[in-house]
There are 2 protein chains.
Amino acid sequence: MASEQSENYLKNIYKLSSGEGKVTTSSLSDKLQISPASVSEMIKKLAEEGTLTHTPYKGVELTDEGKKLALRIIRKHRLWEMFLVEVLHFRWDEIDDEAERFEHIMSDKMEDKIDHALGHPLIDPHGDPIPTKDGELKCPMSHPMSDVRAGSTVRVVRVSDSNSEMLQYVASIGISLNKEIHIKQKMNFDNSMLVKIDNNEFNISSIIASNIFVENV
Amino acid sequence: MASEQSENYLKNIYKLSSGEGKVTTSSLSDKLQISPASVSEMIKKLAEEGTLTHTPYKGVELTDEGKKLALRIIRKHRLWEMFLVEVLHFRWDEIDDEAERFEHIMSDKMEDKIDHALGHPLIDPHGDPIPTKDGELKCPMSHPMSDVRAGSTVRVVRVSDSNSEMLQYVASIGISLNKEIHIKQKMNFDNSMLVKIDNNEFNISSIIASNIFVENV
DNA sequence: AAATAAAATTAGGAATGCCTAAATTTAACT
DNA sequence: AGTTAAATTTAGGCATTCCTAATTTTATTT
């Protein structure tokens, strides 16, 4: 069995690689906030366990087994996030930290019970897809709102959960999943956008816009 | 902050002492399934942290702070057990192991949300009282069914959660909280009892009877 | 009260997973 | 191509928490 921390490494390697491709020691070190030396050690251990392949000085890549484990953790994380919002009425900016701890101690039985209680949800509260139990993950088509050109109207499909403060702000101006947003204008000097949400207008910075994923409507 | 394992020690010391009195190294060792040597070490550490007092070779006793921490863990454990049964429809024999892991990673915020979602329950699914947030614990009056004399009718108030197999068996013969049981006869040769539950008769061993707590009806 | 048994503690060691500092390898620049 | 910078890995340590074996203290028994 993979230790709790091993699971964390696998999950984050998966996320950094977006499923495919190599991940460097330093990017993992950044993401996990663990020194490169420690990451290097752990990588050696995981390679011995067979969950990833390591080409020294070149980076790591998950094996099929490693990918499966990573997706299972991500599934548990996202199911739990969904549960926190739907059943316990947490806000979407509060749930990531809770799920971070919980994903590792959630039994398979509980995974099933929650999946059932929620009616087999396909996405989590941020719009991230929930992998199936056997490791399949279908991402709905979408693009960052920062790429949308002025004049068009889009629907929110997903909001990056990387920053709780941003999620809180985004919610405070009325943005939630499936909400329609009209892009009125793009500011050339800072790439911010003037948008209309529920008849209110806001200026959205390019950083925020690049964390909001939308589809055309 | 107390580590996960420290919390386990405190919780089990509390349970062994039933709130008051000294607990020996060996009883803890038995309960935790950890060698006496390791227990001895950990005790030293906990004594330094101030959560218990240790008289070498004589045993330990929780300080007020230790008791408070222990009761908080027990509260989280029992709230979570209640939640597993009420919301996720686990059986009462499945929940102890799940709660065992969860009690340590449950944030105070989640404790409150669950308490609220359940309507501030006073007992868990086995009938064990749930301590209040500030460490108060009122035990409803009850006595083991093994002490009840033949001919009387009693109501189930609590069933010891120490053995999952027993809980499963007890449920299978129709015993649940608040169920009325009529004691028809006590067998002298093995102290087992002949009881009537929902018009069915069963022979209950003295061991089982001593794990079922009842009040007179 | 002395001998033996039982309980508790200390000593020495292992696994996990982190760290800093030093060494090595790769990449980048003149 | 050679030097410097950046990334990576190895070396040596530390904290936690467990273990077995040896020692010490307490309790029991004759």
Side-chain angles (χ1 to χ4, degrees), chain A residues 1-17 21-62 66 69-70 73 97 100-105, chain B residues 1-17 21-62 66 69-70 73 97 100-105:
Chain A
M1 275 298 109
S3 76
E4 212 166 289
Q5 198 55 312
S6 300
E7 291 183 347
N8 248 331
Y9 274 81
L10 295 177
K11 182 185 78 168
N12 283 290
I13 290 166
Y14 184 91
K15 285 189 170 185
L16 285 172
S17 70
K22 290 224 168 114
V23 172
T24 63
T25 300
S26 44
S27 61
L28 248 184
S29 166
D30 277 2
K31 182 124 186 164
L32 294 167
Q33 291 293 300
I34 289 170
S35 77
S38 303
V39 170
S40 207
E41 272 182 297
M42 185 59 116
I43 280 172
K44 206 175 5 176
K45 203 164 293 172
L46 292 172
E48 276 162 18
E49 286 173 17
T51 49
L52 53 75
T53 55
H54 181 213
T55 319
Y57 295 99
K58 295 300 181 187
V60 298
E61 186 162 14
L62 294 179
L69 286 169
I73 301 302
D97 291 345
E100 204 66 40
R101 281 172 285 127
F102 197 71
E103 60 192 11
H104 306 295
I105 65 157
Chain B
M1 277 295 109
S3 76
E4 212 165 290
Q5 199 55 312
S6 300
E7 291 183 346
N8 249 330
Y9 275 80
L10 295 178
K11 182 185 76 168
N12 283 290
I13 291 166
Y14 183 91
K15 284 188 170 185
L16 285 171
S17 71
K22 289 226 168 112
V23 172
T24 62
T25 300
S26 46
S27 62
L28 248 184
S29 166
D30 277 1
K31 181 125 188 165
L32 294 168
Q33 291 295 297
I34 289 170
S35 76
S38 303
V39 170
S40 209
E41 272 181 296
M42 185 60 116
I43 280 171
K44 207 180 355 177
K45 202 163 293 173
L46 292 171
E48 278 162 19
E49 286 172 16
T51 49
L52 53 76
T53 54
H54 180 213
T55 319
Y57 296 98
K58 294 301 180 186
V60 299
E61 185 163 15
L62 294 180
L69 285 169
I73 301 301
D97 291 345
E100 205 64 40
R101 281 172 286 125
F102 197 72
E103 61 193 11
H104 305 295
I105 65 156

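Order of the sequence lines sets the chain letters (A, B, ...), proteins ahead of strands, with each chain counted from 1.
Which of D/dC18, D/dT9, D/dC19 sits closest to the side chain of B/S35 comes down to D/dC19.
For the pair B/K58 and D/dT25, the criterion of a side-chain N or O lying under 4.0 Å from OP1 or OP2 is not met. Side-chain nitrogen and oxygen atoms of A/Y9 include none within less than 4.0 Å of the OP1 or OP2 phosphate oxygen of C/dT16. Side-chain N/O atoms of A/S38 include none lying less than 4.0 angstrom from OP1 or OP2 on C/dC18. Phosphate proximity of D/dT16 to B/S3: absent, as no side-chain N or O sits under 4.0 Å from OP1 or OP2. Between B/H54 and C/dT9 there is a side-chain polar atom (N or O) within less than 4.0 angstrom of OP1 or OP2. Residue A/T25 places at least one side-chain N or O under 4.0 Å from the OP1 or OP2 atom of D/dT9. A sub-4.0 Å separation between OP1 or OP2 of C/dA15 and a side-chain N or O of A/K45 is absent. For A/S26, no side-chain nitrogen or oxygen approaches OP1 or OP2 of D/dA6 to under 4.0 Å. Note on A/S40: every side-chain N or O is 4.0 Å or more away from OP1 and OP2 of D/dT8.
Rounded to a whole Å, the CD atom of B/E4 is 11 Å from the P atom of D/dC18. In this entry the distance linking NZ of A/K22 with P of D/dT8 reads 12 Å, nearest Å. For the pair A/L46 CG and C/dA15 C1', the computed distance is 15 Å after rounding to whole Å. Per the geometry, CD belonging to A/E41 stands 14 Å off P belonging to D/dG13, to the nearest Å. For B/E48 and C/dT9, the CD to P distance is 13 Å, given to the nearest whole Å. Residue B/K44 contributes atom NZ, which lies 15 Å from atom C1' of D/dA15 at whole-angstrom precision. For A/E7 and C/dG17, the CD to C1' distance is 15 Å, given to the nearest whole Å. If you take CD1 of A/I34 and C1' of D/dT9, they are 16 Å apart, rounded to a whole angstrom.
Inter-residue side-chain proximity for A/E48 and A/K44 is flagged as met; some heavy-atom pair is nearer than 4.5 Å. A/L10 is not listed as a side-chain neighbour of A/E7, based on a closest heavy-atom distance of 4.5 Å or more. Counting heavy atoms from C-beta outward, B/K22 and B/T55 have side chains that approach closer than 4.5 Å. Between B/Y9 and B/V39, some side-chain heavy-atom pair lies under the 4.5 Å cut-off. By the 4.5 Å heavy-atom criterion applied to side chains, B/K31 and B/I13 are not counted as neighbours.
Side-chain to base pairing of B/Q5 with D/dC18: no donor and acceptor N or O lie closer than 3.5 Å to each other. No donor-acceptor contact under 3.5 Å links the side chain of A/Q33 to the base of C/dC18.
Put simply, the side chain of A/T53 gets close to the backbone of A/E61: a donor and an acceptor are under 3.5 Å apart.
Nucleotides of DNA chain C nearest to A/P56 and A/P36 differ in position, and the one nearer the 5' end is that of A/P36.
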